[in-house]
There are 2 protein chains.
Amino acid sequence: MSITAIRAIEALRAEGRRITTARRTIIELLGATNDHLTAEHIATAVQHAYPEIHVSTVYRTLESLDEWGLVEHVHRGHGAAFFHLAASHPHMVCEACGRVIDVPQEEFDALVARVRDVYGFDIDVAHNALMGRCLVHDPRAGGLLAPPVSSREGAGPGARDG
Amino acid sequence: MSITAIRAIEALRAEGRRITTARRTIIELLGATNDHLTAEHIATAVQHAYPEIHVSTVYRTLESLDEWGLVEHVHRGHGAAFFHLAASHPHMVCEACGRVIDVPQEEFDALVARVRDVYGFDIDVAHNALMGRCLVHDPRAGGLLAPPVSSREGAGPGARDG
DNA sequence: CGCTCAGATACGAACACCTCGCATCTGCGA
DNA sequence: TCGCAGATGCGAGGTGTTCGTATCTGAGCG
């Protein structure tokens with residue numbers, strides 16, 4: 001089991017919360033992958049091992065773990081949000097291929113500080129993904145590199161948008 | 001009718017598209033307000049004047065106008081996206097009060113340029129709203145100012161989130 | 001002004017993604 | 001091992017949106 005998963009489970013125990021099969025399995029799953037999984041993906045994977053775990057339990061468990069700071073969710077523009085073990089950092093999602101790129105929080109520090117000063121608003125850059133395009137998919141960046149839309153990479157359900 | 005609305009309608013005409021009641025009404029509505037309206041809000045408002053205009057027509061019309069570059073949609077984290085006449089700029093949405101703050105694109109230019117260079121990714125900062133909190137609602141920024149959650153300001157349906 | 005028809009619309013069913021209520025079950029402290 | 005608060009299974013319900021299809025209409029043409 002990954003270190004972060006172990007930490008998450010210990011955190012549950014430390015706060016006196018129950019270590020249930022659903023919680024343990026979801027945490028292990030999230031700890032074992034670098035993918036950005038939607039609740040439905042998680043439910044499917046969890047049910048592969050424990051078919052009796054209901055999708056609504058997965059939603060509720062994710063919500064609880066999120067609330068307790070052990071996992072985080074990120075909203076893509078369309079389609080489902082995706083989840084990962086807590087490690088606040090922004091994500092960029094390519095509208096053409098669906099790929100998710102992790103970005104260090106530091107890249108946004110200057111912007112966040114300025115917006116806080118000027119607009120009196122504290123941005124949580126990790127909560128919504130930043131949409132855009134990998135340069136290979138950007139029609140403005142030299143069509144040479146641009147493959148047709150058919151060459152989707154990691155596009156799960158919900159990579160379409162305008 | 002607002003200047004931007006007139007321009008949008010002329011753009012429709014110039015491209016040989018039909019000026020229908022639904023299109024004209026939606027464009028006038030968006031041109032007449034600075035609010036950030038969801039498709040459902042728009043449908044309700046439009047139906048106030050023309051009850052026969054169906055909500056699915058509103059969705060399709062908005063989709064078309066968006067595709068033609070005359071309106072834009074912005075995704076909030078939860079709940080419905082909101083629409084406005086084309087004027088690409090980022091938005092920040094307070095998770096506590098639902099308020100939407102418009103930000104000039106220029107604030108993001110440096111970040112966008114750096115991300116393009118370093119990560120090979122072209123961010124469209126206007127597509128997803130940036131979530132966060134007005135400083136008055138930020139528990140970390142001196143609880144003195146923080147009103148209870150009940151004091152929602154512009155929170156429409158879907159201002160809740162974790 | 002009336003004819004024509006591609007394009008637009010009304011309507012309702014269906015869909016994706018969740019959320020909720022409630023009866024049952026279970027982790028864990030006593 | 002017992003008791004019960006908290007967690008889960010199950011299915012209905014909700015919200016926001018998309019789609020198929022029959023009908024209608026804007027606008028060019030005569």
Side-chain angles (χ1 to χ4, degrees), chain A residues 9-10 12-27 36-44 46-47 49-68 70 73-83 98 155-162, chain B residues 9-10 12-27 36-44 46-47 49-68 70-71 73-83 155-162:
Chain A
I9 290 180
E10 281 174 356
L12 278 184
R13 208 187 314 270
E15 292 174 40
R17 315 224 183 252
R18 295 193 193 161
I19 318 292
T20 66
T21 307
R23 290 179 182 176
R24 189 174 33 73
T25 310
I26 288 173
I27 288 172
H36 297 80
L37 304 174
T38 66
E40 300 245 336
H41 287 150
I42 294 169
T44 303
V46 165
Q47 286 168 350
Y50 301 95
E52 73 276 13
I53 293 182
H54 198 273
V55 62
S56 72
T57 300
V58 172
Y59 277 103
R60 272 191 280 226
T61 301
L62 287 169
E63 187 185 6
S64 299
L65 295 176
D66 194 326
E67 189 180 333
W68 304 330
L70 303 180
H73 67 278
V74 179
H75 295 284
R76 221 178 309 228
H78 295 240
F82 54 79
F83 292 80
R160 64 239 131 74
D161 192 355
Chain B
I9 290 180
E10 282 174 356
L12 277 185
R13 210 187 310 273
E15 292 175 39
R17 317 226 183 250
R18 295 196 193 156
I19 319 292
T20 64
T21 307
R23 290 179 182 176
R24 188 174 33 73
T25 311
I26 288 172
I27 288 172
H36 297 81
L37 304 174
T38 67
E40 300 245 336
H41 287 150
I42 293 170
T44 304
V46 164
Q47 285 168 350
Y50 301 95
E52 73 276 13
I53 293 181
H54 198 273
V55 63
S56 72
T57 299
V58 172
Y59 277 101
R60 273 195 274 232
T61 301
L62 288 169
E63 187 184 6
S64 299
L65 295 176
D66 194 324
E67 190 180 334
W68 303 330
L70 302 179
V71 316
H73 67 279
V74 179
H75 295 283
R76 221 179 308 228
H78 295 238
F82 55 78
F83 292 80
R160 64 238 131 78
D161 192 354

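Predicted model, so just to flag it, every value in this text is computed and none were measured.
When heavy atoms are screened at a 4.0 angstrom cut-off, A:Arg23 is found touching the sugar-phosphate backbone but no base atom. Heavy atoms of A:Ala39 sit nowhere under 4.0 angstrom from any nucleic acid atom.
Atom CG of B:Leu37 and atom P of D:dT17 are 13 Å apart (whole Å). Note: CD (A:Gln47) to P (D:dG9) measures 9 Å, nearest angstrom. When the P atom of C:dC18 is taken as reference, atom NE2 of A:His78 falls 14 Å away, rounded to whole Å. Distance A:Phe83 CZ to C:dC18 P: 7 Å, rounded to the nearest Å. Atom CD1 of A:Ile42 and atom P of C:dC17 are 13 Å apart (whole Å). For the pair B:Glu63 CD and C:dT9 P, the computed distance is 12 Å after rounding to whole Å. B:Asp66 places its CG atom 11 Å from the P atom of D:dT18, with the value rounded to the nearest Å. To the nearest angstrom, C1' of D:dT15 lies 14 Å from CZ of B:Arg76.
The shortest non-hydrogen separation linking A:Ile42 to A:Leu37 is CG1-CB, 3.7 Å. Minimum interatomic distance between B:Phe83 and B:Thr38 (heavy atoms only, all atoms of both residues): CD1-C, 4.4 Å. Closest approach of B:Val55 and B:Gln47 over heavy atoms only: N-NE2, 3.7 Å. Summarising the geometry of B:His75 relative to B:Ala81, their closest heavy-atom pair is ND1-CB, 3.9 Å, with the distance given to 0.1 Å. When all heavy atoms of B:Thr61 and B:Ala22 are compared, the closest pair comes out as OG1-CB, 4.2 Å.
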Would you give a per-nucleotide map of nucleotides 23-30 of chain D, 5' to 3', where B means the base has a protein non-hydrogen atom under 4.0 Å away, S means only the sugar-phosphate does, and - means neither? --BBS---

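Using a 4.0 Å cut-off on heavy atoms, the residues of residues 51-59 of chain A that approach DNA chain C are A:Ser56, A:Tyr59, listed by number.
With a 4.5 Å cut-off on side-chain heavy atoms, A:His36 and A:Val74 do not count as touching. For the pair A:His73/A:Leu62, no side-chain contact is recorded, criterion being any heavy-atom separation below 4.5 Å from C-beta on. By the 4.5 Å heavy-atom criterion applied to side chains, B:Leu12 and B:Leu65 are counted as neighbours.
Taking only side-chain nitrogens and oxygens, B:Thr61 never comes nearer than 4.0 Å to OP1 or OP2 of C:dA8.
Between the side chain of B:Arg60 and the base of C:dG7 there is no donor-acceptor pair of N/O atoms closer than 3.5 Å.
Checking D:dT17, D:dG9, C:dC17 against every side-chain atom of B:Ala80, the shortest atom distance belongs to D:dT17.
When the side-chain contact (heavy atoms from CB on, under 4.5 Å) test is applied to B:His54, the partners found at least two apart in sequence or on another chain are B:Ser56, B:Thr57.
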